[in-house]
Amino acid sequence: VVFGTKFRKPLIIPEIEIILHKYISGIIEKTKNKLLIINGTQDHIHILIGTKPDTCLADLVREIKKSSSKFINDNNYMEKKFEWQGGYGVFSVSPFAVKVVINYIKNQKEHHKKTDFKSEYGKLLKDHDIDFDERYLC
């Protein structure tokens with residue numbers, strides 16, 4: 001699962017990153033799914049989840065985004081309002097590729113010293129043959 005902050009603002013500052021990741025992991029656990037890894041940068045997040053067959057990903061992502069932004073705002077962890085973007089991307093991963101994806105997510109900060117989110121996300125969409133409008137990658 002991949003999604004960004006609203007308008008790609010660098011809102012996920014180091015002071016709240018661990019708190020945010022722990023909170024999201026709690027949401028995933030509560031739904032009886034399995035968090036494999038969570039990481040990202042100041043403007044987006046990647047979450048690899050082992051899902052139960054009856055999990056509706058749209059509902060899970062909606063809950064993660066809604067609850068985590070409410071948690072950050074209700075606890076005044078930031079001076080500004082924290083918001084996620086409206087959309088998100090979900091990509092399936094073959095069991096054979098799980099370790100590769102875990103390493104990819106683990107190294108997000110290093111990876112994004114060379115590649116911006118828009119380029120990365122566009123490549124993910126192209127690699128998975130997903131049609132998209134460039135205007136919505138910002």
Side-chain angles (χ1 to χ4, degrees):
V1 178
V2 183
F3 53 87
T5 57
K6 191 164 188 177
F7 304 121
R8 302 286 185 267
K9 290 183 180 176
L11 299 176
I12 307 171
I13 56 175
E15 294 80 14
I16 69 157
E17 183 179 43
I18 293 170
I19 295 165
L20 178 63
H21 291 182
K22 283 183 180 180
Y23 189 81
I24 291 171
S25 71
I27 294 168
I28 294 166
E29 272 183 36
K30 185 177 167 185
T31 62
K32 306 282 192 255
N33 291 290
K34 183 178 180 182
L35 174 67
L36 300 176
I37 189 168
I38 184 171
N39 199 14
T41 66
Q42 290 188 332
D43 68 352
H44 75 281
I45 194 164
H46 292 257
I47 311 169
L48 184 59
I49 306 168
T51 57
K52 299 181 315 173
D54 63 344
T55 296
C56 174
L57 283 170
D59 291 345
L60 179 57
V61 174
R62 183 175 27 261
E63 183 61 28
I64 289 169
K65 291 169 68 176
K66 178 185 76 162
S67 294
S68 64
S69 59
K70 183 176 180 353
F71 172 75
I72 294 298
N73 291 320
D74 285 355
N75 288 286
N76 296 312
Y77 284 117
M78 303 188 67
E79 291 178 18
K80 301 175 186 174
K81 184 177 180 183
F82 184 87
E83 295 180 90
W84 293 113
Q85 71 180 70
Y88 60 90
V90 174
F91 305 90
S92 61
V93 177
S94 161
F96 302 109
V98 167
K99 287 183 182 178
V100 171
V101 174
I102 286 173
N103 283 329
Y104 171 74
I105 293 173
K106 190 184 297 182
N107 294 310
Q108 278 297 293
K109 288 171 186 58
E110 198 60 37
H111 171 72
H112 283 289
K113 288 180 181 176
K114 301 175 221 149
T115 305
D116 67 358
F117 177 78
K118 184 177 179 179
S119 300
E120 173 195 41
Y121 196 57
K123 183 176 179 340
L124 275 172
L125 294 169
K126 287 175 187 169
D127 287 352
H128 288 85
D129 293 324
I130 298 170
D131 291 331
F132 64 96
D133 187 328
E134 290 273 343
R135 294 178 294 174
Y136 299 111
L137 289 183
C138 59

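In this text the structure is predicted, and so the values were computed from the model without any measurement.
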### Message
Please check: side-chain N/O of Gln108 versus main-chain N/O of Thr41, any donor-acceptor pairing under 3.5 Å?
### Response
no

### Message
Test side-chain contact (heavy atoms from CB on, under 4.5 Å) on Asp43 and Ile12; report intermediate values, then the result.
### Response
CA-CA 6 Å; Asp43 68 352; Ile12 307 171; over 6 Å; no

### Message
Lys70: which residues meet the salt bridge (Lys or Arg N to Asp or Glu O under 4.0 Å) condition with it, sequence neighbours left out?
### Response
Asp74

### All side-chain hydrogen bond (donor to acceptor under 3.5 Å, both in side chains) counterparts of Asp127, not counting sequence neighbours
Lys123

### Message
Using the rule that Ile, Leu, Val, Met, Phe, Trp and Tyr join whenever any side-chain heavy atoms are under 4.5 Å apart, tell me whether Phe82 and Val1 fall into a single cluster.
### Response
yes

### Task
Keeping to residues at least two apart or across chains, list the salt bridge (Lys or Arg N to Asp or Glu O under 4.0 Å) pairs with something in residues 76-91.
Lys6-Glu83

### Query
For the atom pair CD1 (Ile72) and OG (Ser67), what is the distance rounded to the nearest 0.5 Å?
11.5 Å

For residues 32-40, dump all side-chain donor-acceptor pairs below 3.5 Å to protein atoms at least two apart in sequence or in another chain.
{"residue": "Asn33", "atom": "OD1", "partner": "Lys52", "partner atom": "N", "Å": "2.8"}
{"residue": "Asn33", "atom": "OD1", "partner": "Thr55", "partner atom": "OG1", "Å": "2.8"}
{"residue": "Asn33", "atom": "ND2", "partner": "Thr31", "partner atom": "O", "Å": "3.4"}
{"residue": "Asn33", "atom": "ND2", "partner": "Thr31", "partner atom": "OG1", "Å": "2.9"}
{"residue": "Asn33", "atom": "ND2", "partner": "Thr55", "partner atom": "OG1", "Å": "3.4"}
{"residue": "Asn39", "atom": "OD1", "partner": "Lys109", "partner atom": "NZ", "Å": "2.9"}
{"residue": "Asn39", "atom": "ND2", "partner": "Ile105", "partner atom": "O", "Å": "3.0"}
{"residue": "Asn39", "atom": "ND2", "partner": "Lys106", "partner atom": "O", "Å": "3.0"}

### Task
Would you kindly confirm whether Ile27 and Val61 end up in one hydrophobic cluster when ILVMFWY residues are joined by side chain heavy atoms under 4.5 Å apart?
yes

### Ser68: side-chain hydrogen bond (donor to acceptor under 3.5 Å, both in side chains) partners, not counting sequence neighbours
Trp84

### Message
Does Asp131 have more than 12 heavy atoms from other residues, nucleotides or ligands lying within 6.0 Å of its CG?
### Response
no

### Task
Taking the six-membered ring for Trp and the single ring otherwise, decide whether the centroids of His46 and Tyr104 are under 6.0 Å apart.
yes

## Note on the structure
Of all heavy-atom pairs linking Pro14 and Gln42, the shortest is CD-NE2, 3.9 Å

### Query
Could you give all pairs that pass the side chain to side chain donor-acceptor pair (under 3.5 Å) test and reach residues 88-98, with sequence neighbours left out?
none

### Task
Report yes if some heavy atom in the side chain of Ile45 is under 4.5 Å from a heavy atom in the side chain of Val2; otherwise report no.
no

### Query
For the hydrophobic clusters of this structure (ILVMFWY residues joined by side-chain heavy atoms under 4.5 Å, transitively), does one cluster hold both Ile64 and Val90?
yes

### Task
Would you list the pairs meeting ring pair (Phe, Tyr, Trp, His ring centres under 6.0 Å) in which at least one residue belongs to residues 58-80, sequence neighbours left out?
Tyr23-Phe71, Phe71-Tyr77

### Query
Do the side chains of Ile28 and Ile19 join up, straight or via other hydrophobic residues, at under 4.5 Å, putting them in one cluster?
yes

#### Entry: Any residue meeting salt bridge (Lys or Arg N to Asp or Glu O under 4.0 Å) with Asp59, in chain and number order, not counting sequence neighbours
Arg62

### Query
Do you reckon Leu57 sits in the same ILVMFWY cluster as Phe91, going by side-chain contacts under 4.5 Å, direct or chained?
no

### Side-chain donor or acceptor of Lys65 paired with backbone N/O of Gln85 under 3.5 Å
yes

### Query
With sequence neighbours left out, what residues match Lys9 under side-chain contact (heavy atoms from CB on, under 4.5 Å)?
Thr5, Phe7, Leu11

### Task
Applying side-chain contact (heavy atoms from CB on, under 4.5 Å), name anything that partners Ile18, two or more places apart in sequence or on another chain.
Lys22

